[in-house]
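A short write-up of the structure that comes next.
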Amino acid sequence: TGDSGAAATFPKQCSALRKNEHVMIKGRPCKIVEMSTSKTGKHGHAKVHMVAIDIFTGKKLEDICPSTHNMDVPVVKRREYLLMAIDDGFFSLMDPETCDQKDDLRVPDNEIGQQIRDAFEKEEGSVLVQVVSAIGEEAALGWKVSTKE
């Protein structure tokens with residue numbers, strides 16, 4: 001598939017970052033859950049301490065950055081796809097707007113993956129899988145059942 005050539009991240013001044021925003025820490029896309037700023041020291045820079053959760057693995061990461069420096073912010077996209085089938089640990093998904101098919105997304109090996117399987121097997125309506133993508137990675141991070149036809 002073609003790519004627009006757009007960057008996967010963009011710079012943002014550390015002091016402009018806020019809680020619940022995304023940031024790159026140790027090369028991973030994370031969501032900020034805690035932030036604190038120290039006072040300026042004898043070398044003149046206030047430091048920002050961030051605690052963030054990796055959006056794909058759920059691991060907690062921390063970073064300290066001078067408030068005047070830039071940090072990379074990942075471009076995070078969320079889309080909903082209609083679940084058509086589950087084959088060999090992979091979803092068979094369809095984009096409801098373009099009707100394009102997507103077969104390269106692995107079923108997560110966690111509680112969310114099991115919940116999606118259970119909802120799909122019950123057949124109480126259409127299962128919509130929420131897919132998050134950033135820095136060339138994608139994962140199913142949520143789902144819901146749509147009963148409207």
Side-chain angles (χ1 to χ4, degrees), residues 1-38 47-67 69-149:
T1 59
D3 193 13
S4 65
T9 63
F10 61 92
K12 188 170 185 178
Q13 192 165 342
C14 200
S15 60
L17 292 169
R18 297 288 174 255
K19 191 174 173 182
N20 293 327
E21 286 186 9
H22 294 98
V23 69
M24 296 292 288
I25 297 179
K26 296 179 180 126
R28 302 292 305 155
C30 302
K31 185 174 187 176
I32 300 169
V33 291
E34 268 179 59
M35 283 188 83
S36 60
T37 307
S38 66
K47 297 233 186 328
V48 177
H49 176 252
M50 283 175 279
V51 177
I53 305 290
D54 187 311
I55 61 175
F56 294 119
T57 66
K59 286 187 180 150
K60 185 193 256 188
L61 296 166
E62 294 186 50
D63 199 4
I64 296 174
C65 175
S67 62
H69 287 207
N70 283 344
M71 289 196 75
D72 285 332
V73 176
V75 177
V76 178
K77 294 183 181 145
R78 292 178 180 272
R79 305 261 340 243
E80 281 191 344
Y81 292 92
L82 190 62
L83 180 56
M84 307 301 285
I86 299 175
D87 297 320
D88 293 331
F90 285 87
F91 290 125
S92 180
L93 303 167
M94 184 180 76
D95 187 329
E97 294 164 22
T98 63
C99 294
D100 289 339
Q101 204 137 6
K102 181 172 185 53
D103 298 313
D104 60 350
L105 188 65
R106 185 175 290 282
V107 178
D109 295 331
N110 58 18
E111 193 177 320
I112 291 171
Q114 192 56 50
Q115 289 172 355
I116 294 170
R117 286 178 199 265
D118 294 345
F120 184 66
E121 287 165 10
K122 284 182 189 165
E123 296 179 18
E124 293 173 354
S126 303
V127 176
L128 292 170
V129 177
Q130 293 149 0
V131 177
V132 174
S133 60
I135 65 160
E137 284 185 56
E138 339 184 78
L141 296 182
W143 62 280
K144 65 182 181 186
V145 175
S146 172
T147 53
K148 62 178 192 221
E149 290 298 319

(message) Under the salt bridge (Lys or Arg N to Asp or Glu O under 4.0 Å) definition, can you give me all pairs with a residue in residues 127-136, not counting sequence neighbours?
(response) none
(message) Going by the rule salt bridge (Lys or Arg N to Asp or Glu O under 4.0 Å), which residues pair with Glu34 if we only count those two or more places apart in sequence or in a different chain?
(response) none
(request) For side-chain contact (heavy atoms from CB on, under 4.5 Å), just list the numbers for Asp63 and Met71, CA-CA rounded to whole Å, side-chain angles, deciding distance to a tenth of an Å, and then say yes or no. (result) CA-CA 10 Å; Asp63 199 4; Met71 289 196 75; 3.3 Å; yes
(request) Show your working on side-chain contact (heavy atoms from CB on, under 4.5 Å) between Leu83 and Leu93 and close with a plain yes or no. (result) CA-CA 5 Å; Leu83 180 56; Leu93 303 167; 3.8 Å; yes
(message) If you compare all heavy atoms of Ile112 against all heavy atoms of Gly142, which two are closest, and at what distance to 0.1 Å?
(response) CG2-N, 4.2 Å
(message) For Val107, give me all partners under side-chain contact (heavy atoms from CB on, under 4.5 Å), at least two apart in sequence or on another chain.
(response) Ile86, Phe91, Arg117
(request) Taking the side chain as every heavy atom from C-beta outward, state whether Leu105 and Val131 have any pair of such atoms under 4.5 Å apart. (result) yes
(message) Less than 4.5 Å apart, side chain to side chain, heavy atoms only: is that true for His49 and Glu62?
(response) yes
(request) Would you name the heavy atoms of Pro74 and Thr9 that are closest together and state the gap between them? (result) CA-CG2, 3.9 Å
(request) Would you please name every residue forming a side-chain hydrogen bond (donor to acceptor under 3.5 Å, both in side chains) with Thr37, sequence neighbours left out? (result) none
(message) Filter on salt bridge (Lys or Arg N to Asp or Glu O under 4.0 Å), then keep only pairs touching residues 21-31, sequence neighbours left out; what's left?
(response) Lys12-Glu21, Arg28-Asp54, Arg28-Glu137
(request) Enumerate the residue pairs fulfilling salt bridge (Lys or Arg N to Asp or Glu O under 4.0 Å) with a member in residues 87-101, sequence neighbours excluded, ordered by first and then second residue. (result) Arg79-Asp95
(message) Using the side-chain contact (heavy atoms from CB on, under 4.5 Å) criterion, which residues pair with Val75? Sequence neighbours excluded.
(response) Phe10, Lys77
(request) Might you point out which heavy atoms bring Pro96 and Tyr81 nearest each other, and give the distance in Å? (result) CD-CA, 4.1 Å
(request) Using a 4.5 Å cut-off on heavy atoms from C-beta on, say whether the side chain of Met24 contacts that of Ile135. (result) yes
(request) Please list all pairs passing the side chain to side chain donor-acceptor pair (under 3.5 Å) test where one or both residues lie in residues 104-114, with sequence neighbours left out. (result) Lys102-Asp104, Glu111-Gln115, Gln114-Asp118
(message) How close do Trp143 and Ala119 get, counting heavy atoms only, and between which atoms?
(response) CZ3-CB, 3.4 Å
(message) Just so I know, are the side chains of Pro29 and His22 near enough to count as touching, which here means a heavy-atom distance under 4.5 Å?
(response) no
(message) Taking side-chain hydrogen bond (donor to acceptor under 3.5 Å, both in side chains) as the definition, give me every residue that meets it alongside Lys144, ordered by chain and number, with sequence neighbours left out.
(response) Glu80
(request) Kindly write out the residues that satisfy side-chain contact (heavy atoms from CB on, under 4.5 Å) with Lys47, not counting sequence neighbours, or none if the list is empty. (result) Ser38, Ile64
(message) Suppose we screen for ring-ring contact (aromatic ring centres under 6.0 Å, His included). Which residues come up paired with His69, at least two apart in sequence or across chains?
(response) His45
(request) Kindly write out the residues that satisfy side-chain contact (heavy atoms from CB on, under 4.5 Å) with Leu82, not counting sequence neighbours, or none if the list is empty. (result) Met84, Met94, Ser126, Leu128
(request) Taking all heavy atoms of Ile55 and all of Leu141, pick out the closest pair and write down the distance. (result) O-CD1, 3.5 Å
(message) If you compare all heavy atoms of Val76 against all heavy atoms of Ala134, which two are closest, and at what distance to 0.1 Å?
(response) CG2-CB, 4.0 Å
(request) Would you please test Val51 and Lys60 for side-chain contact (heavy atoms from CB on, under 4.5 Å) and show each step? (result) CA-CA 7 Å; Val51 177; Lys60 185 193 256 188; 3.8 Å; yes
